[in-house]
Peer 1: 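Next up is a structure, given as structure tokens.
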Number of protein chains: 2
Amino acid sequence: MTLTDLRYLVALARERHFGHAAERCNVSQPTLSVAIKKLEDELAVTLFERSAADVKITDIGARIVAQAEKVLLEAGQIKELATAGRDPLSGPLKVGVIYTIGPYLLPHLIPRVHAAAPSMPLLIQENYTARLAESLKRGDLDVIVVALPFEEPGIVTQAVYDEPFRVLMPAGHAWEKEEAIAASSLAEAPLLLLGAGNCFRDQVLEVCPMCRSGEGLQRTLEGSSLETIRHMVATGAGITVLPSSAADPLPDGNALLNVRPFVAPEPFRRVALAWRVTYPRSGAIDVIRSAILASPLPGVRPVSR
Amino acid sequence: MTLTDLRYLVALARERHFGHAAERCNVSQPTLSVAIKKLEDELAVTLFERSAADVKITDIGARIVAQAEKVLLEAGQIKELATAGRDPLSGPLKVGVIYTIGPYLLPHLIPRVHAAAPSMPLLIQENYTARLAESLKRGDLDVIVVALPFEEPGIVTQAVYDEPFRVLMPAGHAWEKEEAIAASSLAEAPLLLLGAGNCFRDQVLEVCPMCRSGEGLQRTLEGSSLETIRHMVATGAGITVLPSSAADPLPDGNALLNVRPFVAPEPFRRVALAWRVTYPRSGAIDVIRSAILASPLPGVRPVSR
DNA sequence: GGCGTTGTATAGTTAATCTCTATCGCATTG
DNA sequence: CAATGCGATAGAGATTAACTATACAACGCC
């Protein structure tokens, strides 16, 4: 029993004439004849009474035809589902973002994606890189925004932008008069750091090897956020390093805080998109990339593909 | 897209492993692989993300699988319907009976058929032979009980029983002392006849050629029934001829009526079943035949097949 | 970092099936 | 009784579906 057989069956029930039914199905009369006979043999039921005068459907035949119509209807729904699902910009997209990007990117990203792909709602999760990677591989996320380096089997990454680091210090700090800060100076002041698990913490420590080795005065704030740290800096608890997108939006004449770049070569992080190689909705990812690049993130430099 | 493809699809969605899914479908892994790929091409949608680690279903894939399950479920119903409908003794049987048999046969027939085939309800229509024949050919009836001769293209008949004719006369009639009546005598008395269209009327006239030619005293009672005629005979309005099943059930010592056979050779009618050659439920017809033969119709002689 | 393992895709072949044209057989009709 | 209409059947050809064998990719393990 195939869907084709059922189509023949329904056509014959409608036409009550093998020739006409065959024509409607764009097949020859013998083809339809044989198919119906095969169906009857398979079901071990007489579906039609053939006579010279006309073709009559049996009681059981009528019931089976009604069921066959239901099957064909449901099968048609499959094609409709496929057509509707063909558009990579339709259907929800599960996006993951690391904590140190989310608060600065998402407010810009979400409306831009919605404008570009109105029928692609975003389901967003913020988390550590490691957790995002796990969810991505498991299929709980479709695409994630992380900082490089990020290497995972089965995952491809695409750099989107580079983002320089800034030094944040309270108003009245000794370095206030400096134009730019040398990375090596970081060990001299109490440096406020995010907790373990945040890749940005590691990247900052990378910038300041002395801090990493524990020679500096750094203090780790577990379970905190860049925003909390910023407030702490404002109260004079120490200095910190922020990505430009988090540091630069502040009005430069902020009463409590000063932002300074590093001296060249500026340390920076490279932010990338990552998804499973097998993920089929590449169009959706393109939309995300474009929306990120269209977002006004101060200080960032796009990475050409 | 075939039902087989959908079965593969559902299996793969369940197993999330091409090899295991193929095994469950009793096909080789490449067969299933190719089928899924063909489906994906046809629907122009990626249903699964294949990777070394595992097989993930896409969002659209999951929706299509759910729909495929629905299709397969409905398709399975077809087989169930066929199985249920395979029994010729299941489902209603549309039976037609001529007016001069129905009242005497049906009270016996119906309970016997119900006993033999409890899930085959009878839908019964009484009518003239010509009308029954029309309904039978149109498919409004499945089998009819008529008197022979009955020849119709596409219709087969099977004699069931022979039924002798009887003479019915009022008590005190001149022929009361006769053991048997000669057919030729019928022209001498007022003979009450059914209206045109009843085959039994013609058969009676056949018995008595003089009556047919209008030489007798016959009176036709249009729109009447054998029972009405019997009452009229009882009131002395004339005599009549009845089939034995209608005449003999009377207690012989009926105060108002006398029943006499004809002198040999007794005139009789041959009652038969008729159905379309193409009618598939021959088992149902066998049940009807058996039930008729098991009915206590006085005077009738079974006709061996 | 090469190598074995696991798992899917591809190639090539064979077998089944589907569909076609041509024709038969049956029944009705003029 | 020939003509016609219609479904069934036969035989050929083409398509498709299945198999086996093998390639290929990704990961894990010494």
Side-chain angles (χ1 to χ4, degrees), chain A residues 1-9 11-13 15-42 46-58 61 133-134 136-138 151-156 275-280, chain B residues 1-9 11-13 15-42 46-58 61 133-134 137-138 151-156 276-280:
Chain A
M1 183 171 69
T2 72
L3 290 173
T4 308
D5 292 338
L6 298 186
R7 268 185 280 272
Y8 295 164
L9 171 64
L12 181 57
E15 299 287 334
R16 318 219 150 200
H17 185 290
F18 280 74
H20 299 165
E23 194 174 350
R24 174 165 295 226
C25 295
N26 299 309
V27 295
S28 69
Q29 171 265 315
T31 296
L32 193 134
S33 250
V34 168
I36 296 291
K37 182 157 183 48
K38 184 173 67 75
L39 240 191
E40 288 183 325
D41 288 350
E42 183 178 343
T46 302
L47 300 172
F48 296 93
E49 286 185 44
R50 291 93 154 150
S51 65
D54 61 346
V55 173
K56 287 186 192 60
I57 192 160
T58 62
E134 203 178 322
L136 181 64
K137 285 199 279 190
R138 209 181 17 244
E151 303 270 332
E152 290 285 338
I155 304 293
V156 292
W275 61 91
R276 296 183 295 280
V277 263
T278 55
Y279 189 66
Chain B
M1 184 171 66
T2 73
L3 290 172
T4 308
D5 292 338
L6 298 185
R7 267 185 282 272
Y8 295 163
L9 172 64
L12 181 56
E15 300 287 335
R16 319 220 148 198
H17 186 290
F18 280 74
H20 299 166
E23 193 174 350
R24 175 165 295 227
C25 294
N26 300 309
V27 296
S28 68
Q29 170 264 315
T31 296
L32 194 133
S33 249
V34 168
I36 296 291
K37 182 158 183 48
K38 185 172 66 76
L39 240 190
E40 288 183 324
D41 288 349
E42 183 179 342
T46 302
L47 300 172
F48 296 93
E49 287 184 44
R50 292 94 154 147
S51 65
D54 60 347
V55 172
K56 285 187 193 59
I57 192 160
T58 62
E134 203 179 321
K137 287 198 279 190
R138 205 177 25 238
E151 305 269 333
E152 291 284 340
I155 304 293
V156 292
R276 296 182 296 280
V277 264
T278 54
Y279 188 64

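Atom set for the values below is all heavy atoms of this structure, side chains included, hydrogens, waters and symmetry mates excluded. Naming convention: chains lettered A, B, ... in sequence-line order (proteins, then strands); numbering from 1 in each chain.
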Peer 1: Given 3.5 Å as the limit, does a donor-acceptor pair link the side chain of A:Thr2 with the main chain of B:Thr2, or not?
Peer 2: no
Peer 1: Please state how far atom CG in A:Asp54 lies from atom C1' in C:dT29, giving the value in whole angstrom units.
Peer 2: 16 Å
Peer 1: Test your reading of the model: is there a side-chain donor-acceptor pair from B:Thr58 to the backbone of B:Leu47, 3.5 Å cut-off?
Peer 2: yes
Peer 1: Does B:Arg50 put a side-chain nitrogen or oxygen below 4.0 Å from OP1 or OP2 of C:dG7?
Peer 2: no
Peer 1: Starting at CD of A:Glu49 and ending at P of D:dG7, how long is that distance when rounded to a whole Å?
Peer 2: 14 Å
Peer 1: Can you measure A:Ile36 atom CD1 to D:dT9 atom P for me and round it to whole angstrom units?
Peer 2: 14 Å
Peer 1: In residues 17-30 of chain B, which residues come under 4.0 Å of DNA chain C by heavy atom?
Peer 2: B:His17, B:Phe18, B:Gly19, B:Gln29, B:Pro30
Peer 1: I'd like a list of close polar pairs between nucleotides 25-27 of chain D and the protein, N/O only, cut-off under 3.5 Å.
Peer 2:
{"unit_1": "D:dC27", "atom_1": "OP1", "unit_2": "A:Gly154", "atom_2": "N", "d": "3.2"}

Peer 1: Around atom CZ of B:Arg50, are there more than 12 heavy atoms from other residues, nucleotides or ligands closer than 6.0 Å?
Peer 2: yes
Peer 1: Round to a whole Å and report the spacing from NZ of A:Lys56 to P of D:dG7.
Peer 2: 12 Å
Peer 1: Answer yes or no: is there a side-chain heavy-atom contact under 4.5 Å between B:Val27 and B:Tyr8?
Peer 2: yes
Peer 1: Among D:dA17, C:dT10, D:dG7, which nucleotide sits nearest the side chain of B:Lys38?
Peer 2: D:dA17
Peer 1: For the backbone of B:Ala22 and the side chain of B:Gln29, can you confirm whether one donor and one acceptor N or O come within less than 3.5 Å of each other?
Peer 2: no
Peer 1: Can you tell me the distance, in whole Å, between the CZ atom of B:Arg7 and the C1' atom of D:dA17?
Peer 2: 14 Å
Peer 1: A side-chain contact here means heavy atoms from C-beta on lying under 4.5 Å apart; do A:Lys38 and A:Asp5 qualify?
Peer 2: yes
Peer 1: Could you check how far CD of A:Glu40 sits from P of D:dG7, rounded to whole Å?
Peer 2: 13 Å
Peer 1: Would you say C:dT8 has OP1 or OP2 under 4.0 Å from some side-chain N or O of B:Ser33?
Peer 2: no
Peer 1: Answer yes or no: is there a donor N or O on one side and an acceptor on the other, between the side chain of A:Arg276 and the main chain of A:Leu136, under 3.5 Å?
Peer 2: yes
Peer 1: Using a 6.0 Å cut-off, check whether atom CD of B:Glu23 has over 12 heavy atoms from anything other than its own residue.
Peer 2: no
Peer 1: Touch check for A:Tyr8, heavy atoms < 4.0 angstrom, all strands: base, sugar-phosphate only, or nothing?
Peer 2: sugar-phosphate
Peer 1: Any idea which heavy atoms bring B:Ala11 and B:Cys25 closest together, and the distance?
Peer 2: CB-SG, 3.5 Å
Peer 1: Using whole Å, report how far NZ of B:Lys37 lies from C1' of D:dT16.
Peer 2: 17 Å
Peer 1: Mind calculating the distance between CG (A:Leu3) and P (C:dC18) to the nearest angstrom?
Peer 2: 12 Å
Peer 1: From the set C:dT8, D:dA18, C:dT19, return the single nucleotide nearest to any side-chain atom of A:Thr31.
Peer 2: C:dT19
